[in-house]
Protein chains: 2
Amino acid sequence: MVTLAEVAQHAGVSASTVSYVLSGKRSISATTRQRVERSIRELGYHPNAGARALASSRSNIIALMIPLRTDIYVPVMMEIAIAVATTARTHGYDVLLLTGEEGPDAVRRVAGSGLADGMILMDVELDDERLPLLRETDQPAVLIGLPADTTGLTCVDLDFRATGALCVEHLAERGHRDVAVIGEAPAVYERHTGFAERTLDGLRTRARELGLRLLHRPCEGGYDAMAVTLARILDERPGTTGFVVQNESAVEPLLALLRQQGRAVPEDVSVVAICPEQVAVQASVRLTSVAIPAQEMGRHAVEQLVAKLDGRGGDEVVLLAPELTVRASSGPAPLQP
Amino acid sequence: MVTLAEVAQHAGVSASTVSYVLSGKRSISATTRQRVERSIRELGYHPNAGARALASSRSNIIALMIPLRTDIYVPVMMEIAIAVATTARTHGYDVLLLTGEEGPDAVRRVAGSGLADGMILMDVELDDERLPLLRETDQPAVLIGLPADTTGLTCVDLDFRATGALCVEHLAERGHRDVAVIGEAPAVYERHTGFAERTLDGLRTRARELGLRLLHRPCEGGYDAMAVTLARILDERPGTTGFVVQNESAVEPLLALLRQQGRAVPEDVSVVAICPEQVAVQASVRLTSVAIPAQEMGRHAVEQLVAKLDGRGGDEVVLLAPELTVRASSGPAPLQP
DNA sequence: GAAAGCTGTCGAAGCGCTTCGACAGCCTAT
DNA sequence: ATAGGCTGTCGAAGCGCTTCGACAGCTTTC
């Protein structure tokens with residue numbers, strides 16, 4: 001293992017000089033810098049992370065807490081995680097992966113041990129049990145998702161309320177009067193996940209304003225669950241012609257079932273999905289959708305956190321504006337009966 | 001921040017004693033241990049990760065390199081990552097997330113900086129460019145996937161060759177003579193990903209042995225790509241009645257297309273998928289499938305690596321035996337024409 | 001009952017880095 | 001000329017922990 005001291009000796013300077021070349025915190029003459037950089041290259045030197053963390057009280061690590069649950073659309077999580085990791089690297093940080101397994105204690109452990117300089121929390125619930133700990137330890141942190149009380153917190157999320165409103169507006173414009181919402185799995189609502197509830201709120205509020213009838217049904221993913229849910233919906237509201245789907249693993253089953261029942265999309269019914277672009281584009285009918293900007297959320301979260309760690313910027317709630325892309329699953333107003 | 005020294009003072013012992021209580025590397029009397037443990041609890045002490053790493057040259061961190069590519073079924077990756085993270089925790093390790101972005105240099109950086117004690121590599125190619133570095137730096141490492149040359153390496157993977165053979169056997173038993181393989185995206189084969197090639201090898205070898213005709217076609221995910229691929233297959237081999245699908249995002253499109261063409265599953269054609277259980281169960285036809293045991297792979301990888309770090313166990317290739325579960329997508333032999 | 005061996009504890013020496021104060025040498029402003 | 005300011009470099013003091021050798025006080029052994 002090559003150490004700073006060895007580099008210093010090789011370059012004929014003191015250790016502190018090498019350190020300053022590395023950090024740029026003091027000015028170093030061009031000739032010295034070059035000499036040092038050459039030695040670093042020749043010896044293949046890499047600063048020791050532990051020593052650095054100890055001396056500087058900065059680990060250059062960001063902790064990312066991802067949920068364990070599998071009832072939430074996983075690819076989105078994955079996309080966020082990857083965006084976080086790559087963005088973090090461009091700022092000189094590495095990412096530590098924490099799963100929900102450990103629960104809120106992970107916050108205490110990470111804060112206490114100096115393992116990470118800050119953390120990013122995903123899958124935040126409205127009344128998340130990690131929040132008190134976060135405030136108590138005052139860990140620099142950024143949430144992806146919105147809890148009920150955001151005072152003193154930095155959050156990044158898609159504006160799901162506006163997303164819900166947007167979907168309803170779109171369907172209203174196409175002349176739909178009876179709209180059904182295929183929601184996330186019941187468990188998601190039971191634990192009061194912010195995004196699900198806010199979407200619903202946006203949907204309902206706008207539906208009321210526009211005079212639409214809205215029926216919301218949570219739905220586990222998969223074909224069988226969707227079949228049951230759809231049957232119930234059509235039983236209760238036979239005139240339903242508009243669908244908003246927020247559970248990606250229900251998208252394809254819904255399309256298949258509608259087809260099977262002879263309801264043509266978009267001629268008879270319209271479907272609007274809230275899902276990643278890829279899902280919308282790859283579906284058997286290219287879906288009109290509001291994209292979940294996973295990458296952007298991950299990137300934003302890191303940038304907010306890095307700003308915080310650098311002492312720039314404070315608490316802030318960033319809500320990304322939803323964008324609805326019209327594709328083949330929603331058409332003009334259906335024929336009036 | 002509470003330090004070891006403060007705990008020691010509070011408990012009325014020396015710092016080294018506290019350290020030994022924590023590590024258990026020397027015997028400590030019960031009374032002293034209790035006193036120390038009480039102080040730790042009362043003060044809310046957490047050992048500083050950096051100091052620990054510096055002093056012991058062990059970071060208690062495992063690096064997990066996940067690929068950036070999105071042409072590989074992502075949920076599997078996510079599942080593996082989560083399994084790795086949770087298993088690692090049970091062994092006292094945290095997980096650092098590295099993306100492919102940085103490329104092979106990440107290996108050098110991690111090895112050089114002592115950031116992690118070892119690493120787990122996912123999405124290994126047959127002739128992976130990270131392998132020379134791994135050998136050169138002799139980082140303790142475990143691969144999830146199998147490269148061409150495994151000498152000196154520890155690998156964990158599903159036995160994809162056996163998986164391919166199993167699928168063919170199943171279709172052969174059902175009387176199918178003409179079998180089509182819907183493979184991963186072309187890019188996956190172009191970069192010589194081990195699992196894709198080995199599956200194909202298993203499929204081909206066994207098909208030859210059993211006298212089946214096999215047609216392999218790579219396929220991007222999604223409905224449109226699948227439509228094109230299927231049309232070509234049926235054009236070339238109209239008598240095709242058996243399908244093996246290895247690209248999960250092609251599964252549902254394939255089923256929809258077959259339905260649309262009036263080919264009933266499993267009456268007219270059989271479909272066998274190589275995919276996670278969840279996909280098989282949630283599909284519009286419950287799929288006969290060979291499961292990809294993501295969790296088990298992640299867990300195994302960690303356990304191998306931990307064993308290595310503890311000086312136990314050496315290089316080994318663990319191939320998990322595939323298991324085929326018969327569901328509703330493959331039936332008895334089709335009627336002979 | 002002296003030698004030898006345990007057990008439990010302590011002190012001190014680092015691990016490799018950052019950072020602060022010091023200062024030599026030089027340049028500018030009076 | 002001289003005081004004052006810069007620039008570039010160095011030495012040394014830690015950061016909080018692990019670990020090694022030492023040793024005091026016991027117990028065992030013949």
Side-chain angles (χ1 to χ4, degrees), chain A residues 1-37 39-40 43-61 92 94 109-117 309, chain B residues 1-37 39-40 43-61 92 94 109-117 309:
Chain A
M1 239 222 113
V2 190
T3 71
L4 228 215
E6 290 170 339
V7 173
Q9 195 177 1
H10 185 271
V13 298
S14 76
S16 49
T17 300
V18 177
S19 178
Y20 287 123
V21 167
L22 251 31
S23 69
K25 293 194 178 169
R26 284 202 184 173
S27 58
I28 297 287
S29 70
T31 56
T32 306
R33 188 198 336 281
Q34 279 157 19
R35 204 139 36 87
V36 170
E37 280 165 352
S39 297
I40 289 177
L43 300 180
Y45 169 72
H46 282 274
N48 179 68
R52 196 166 243 197
L54 177 56
S56 66
S57 340
R58 293 291 236 96
S59 64
N60 285 304
I61 288 180
D94 271 295
R109 188 171 65 87
V110 169
S113 67
L115 231 187
D117 297 332
L309 294 175
Chain B
M1 240 219 113
V2 189
T3 70
L4 228 216
E6 289 169 340
V7 173
Q9 194 175 3
H10 185 271
V13 297
S14 76
S16 50
T17 300
V18 177
S19 178
Y20 286 124
V21 167
L22 251 31
S23 69
K25 293 193 179 172
R26 283 202 184 174
S27 58
I28 297 288
S29 70
T31 57
T32 307
R33 189 200 334 283
Q34 280 158 18
R35 203 140 36 87
V36 170
E37 281 166 353
S39 297
I40 289 178
L43 299 179
Y45 169 71
H46 283 273
N48 179 67
R52 195 165 243 198
L54 177 56
S56 66
S57 341
R58 292 290 236 97
S59 64
N60 285 304
I61 288 179
D94 273 295
R109 189 171 63 89
V110 168
S113 67
L115 231 187
D117 297 332
L309 294 175

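In what follows, chains are A, B, ... by sequence order, proteins preceding strands, each numbered from 1.
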Any Lys25(B) side-chain N or O less than 4.0 Å from OP1/OP2 of dT18(D): no

Nearest-angstrom distance from the residue atom CG of Leu4(A) to P of dT9(D): 16 Å

Distance (rounded to the nearest 0.5 Å) between Arg26(B) CZ and Ser19(B) OG: 10.0 Å

Value in whole Å for how far the P atom of dC17(D) lies from CG of Leu54(A): 9 Å

Spacing of Leu115(A) atom CG relative to dC17(D) atom C1', expressed in whole Å: 14 Å

Check against side-chain contact (heavy atoms from CB on, under 4.5 Å), Val13(A) and Tyr20(A): CA-CA 11 Å; Val13(A) 298; Tyr20(A) 287 123; over 6 Å; no

Distance (rounded to the nearest 0.5 Å) between Thr17(A) OG1 and Arg35(A) CZ: 9.5 Å

Nearest-angstrom distance from the residue atom CG of Asn48(B) to P of dT18(D): 10 Å

Between P of dC6(C) and CD1 of Ile28(B), the distance in whole Å: 18 Å

For atom CD of Glu6(A) and atom P of dC15(C), their distance in whole Å: 11 Å

Interatomic distance, Ser27(B) atom OG to Arg33(B) atom CZ [nearest 0.5 angstrom]: 8.5 Å

Candidate nucleotides dC17(D), dT18(C), dG8(D), ranked by approach to the side chain of Ser56(A) - the nearest: dT18(C)

Contact residues, residues 13-23 of chain B to DNA chain C [heavy atom, < 4.0 Å]: Val13(B), Ser14(B), Ser16(B), Thr17(B), Tyr20(B)

Below 4.0 Å: OP1/OP2 of dG16(D) and any side-chain N or O of Arg52(B): no

Heavy-atom donor-acceptor pair, Ser113(B) side chain to His46(A) backbone, under 3.5 Å: no

Base-paired stems that DNA chain D participates in, counting runs of 3 or more Watson-Crick or G-U pairs under 3.5 Å: C:1-30 with D:1-30

Rounded distance (nearest 0.5 Å) linking atom CG of Leu4(A) with atom CG of Leu22(A): 6.5 Å

For atom NE2 of His46(B) and atom P of dC15(D), their distance in whole Å: 21 Å

Sugar-phosphate, base or nothing in reach of Thr3(A), heavy atoms under 4.0 Å: sugar-phosphate

Rounded distance in Å - CZ (Arg58(B)) to P (dG16(D)): 23 Å

More than 12 heavy atoms of other groups within 6.0 Å of Glu6(A) CD: yes

Distance below 4.0 Å between Ser27(B) side-chain N/O and dG8(C) OP1 or OP2: yes

Val7(B) and Val2(B), any side-chain heavy atoms less than 4.5 Å apart: yes

Quiz item: Arg26(B) side-chain donor-acceptor pair to dG21(D) base, under 3.5 Å: yes

Side-chain heavy atoms of Val110(B) within contact of Asp94(A), under 4.5 Å: no

